[in-house]
Amino acid sequence: MRRPDPFHWIAYAFGAGLPARNSEWVLHDVTAPTWWLRHLGRATVQLLPLLVILYLVVPGPPWVRLMGALAGALIGYFYSVAYMNESAETRVGKAGYPVGTAAATREARRAPDDEEARRRYNAQWRTD
């Protein structure tokens with residue numbers, strides 16, 4: 001698995017596809033246990049330039065500009081989280097995987113935990 005270089009990662013954060021050599025990393029990126037934190041990190045990279053411009057361009061006292069940037073960040077994060085799964089599927093699609101691969105991979109990784117939880121639940125509460 002090859003990680004992208006910083007230039008390609010920034011382009012990836014803004015929605016560009018990565019070279020084929022990084023396709024395995026893309027799948028890992030959107031299916032790792034911390035995939036949602038990675039998504040929020042990419043969203044932060046996308047929002048940061050806009051928030052800085054908003055802070056610098058809006059006239060008024062610094063606290064008003066800061067509150068405007070904060071409100072913009074909250075709206076940006078809201079929509080980013082709302083479309084998190086779709087964004088992950090688009091990324092794996094650009095990496096050459098069929099759509100649905102990210103969700104299926106995350107589900108397959110979670111399935112053994114579900115079986116273990118079911119076994120413990122049955123041992124605790126089912127007395128057949």
Side-chain angles (χ1 to χ4, degrees):
M1 179 168 48
R2 268 183 82 178
R3 293 180 53 87
D5 59 78
F7 174 76
H8 280 106
W9 186 88
I10 290 173
Y12 170 75
F14 279 95
L18 289 174
R21 67 179 181 264
N22 299 117
S23 62
E24 188 179 347
W25 180 85
V26 172
L27 183 61
H28 168 75
D29 185 48
V30 297
T31 61
T34 57
W35 75 277
W36 59 276
L37 288 173
R38 293 168 177 253
H39 177 81
L40 292 177
R42 288 189 302 271
T44 301
V45 169
Q46 292 173 357
L47 289 170
L48 199 57
L50 297 172
L51 297 176
V52 169
I53 290 171
L54 180 65
Y55 181 81
L56 295 175
V57 171
V58 171
W63 71 270
V64 171
R65 296 182 303 192
L66 185 64
M67 290 298 115
L70 179 63
L74 290 175
I75 291 170
Y77 282 122
F78 174 80
Y79 281 103
S80 177
V81 169
Y83 293 103
M84 189 166 25
N85 291 319
E86 290 81 1
S87 174
E89 294 300 336
T90 300
R91 290 179 188 282
V92 296
K94 288 180 182 180
Y97 294 97
V99 174
T101 302
T105 304
R106 284 193 301 270
E107 186 63 33
R109 287 183 181 166
R110 191 172 36 242
D113 295 338
D114 293 343
E115 289 299 322
E116 176 63 23
R118 187 175 295 115
R119 186 193 61 74
R120 283 181 291 155
Y121 177 84
N122 288 337
Q124 176 73 29
W125 298 106
R126 303 288 183 215
T127 56
D128 294 338

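For the residue pair T105 / Y97, no side-chain donor-acceptor distance below 3.5 Å is found, with atom types taken as modelled. Side-chain contact of N22 with Y12: a donor-acceptor pair under 3.5 Å is absent, judged by distance alone.
When side chains are defined from C-beta on, W35 counts as touching N85, because their heavy atoms get closer than 4.5 Å. Counting heavy atoms from C-beta outward, R65 and P62 have side chains that approach closer than 4.5 Å.
In this structure, R109 contributes its side chain and T31 its backbone to a donor-acceptor pair below 3.5 Å. In this structure a side-chain-to-backbone donor-acceptor pair under 3.5 Å is missing from E89 to V99. In this structure, H39 contributes its side chain and S80 its backbone to a donor-acceptor pair below 3.5 Å.
Residues R38 and H28 come closest through the heavy atom pair NH2-NE2, 3.4 Å. Of all the heavy atoms in V30 and A88, the pair that sits closest is CB-CB, 3.8 Å. Summarising the geometry of A102 relative to V92, their closest heavy-atom pair is CB-CG1, 4.1 Å, with the distance given to 0.1 Å.
No chain of hydrophobic side-chain contacts below 4.5 Å, direct or via other Ile, Leu, Val, Met, Phe, Trp or Tyr residues, connects L50 to L70. Y55 is not connected to L51 by any chain of hydrophobic side-chain contacts under 4.5 Å among Ile, Leu, Val, Met, Phe, Trp and Tyr, and they are in different clusters.
Taking CD1 of I10 as the start and CZ of R42 as the end, the distance is 13.5 Å to the nearest 0.5 Å. Interatomic distance, CZ of R91 versus CG of L18, reported as 8.5 Å (0.5 Å rounding). Rounding to the nearest 0.5 angstrom, the gap separating the CH2 atom in W25 from the CZ atom in R3 is 5.5 Å.
Cluster partners of F7: none. The rule joins Ile, Leu, Val, Met, Phe, Trp and Tyr whenever side-chain heavy atoms lie under 4.5 Å apart, and it links nothing here.
Not less than 6.0 angstrom separates the ring centroid of F14 from the ring centroid of W9.
Take R21 and apply the side-chain contact (heavy atoms from CB on, under 4.5 Å) test, not counting sequence neighbours, and it matches R2, D5, H8, P19.
Note on ring orientation: taking the six-membered ring where Trp is involved, the planes of Y83 and Y79 are parallel (angle under 30°, cut-offs 30° and 60°).
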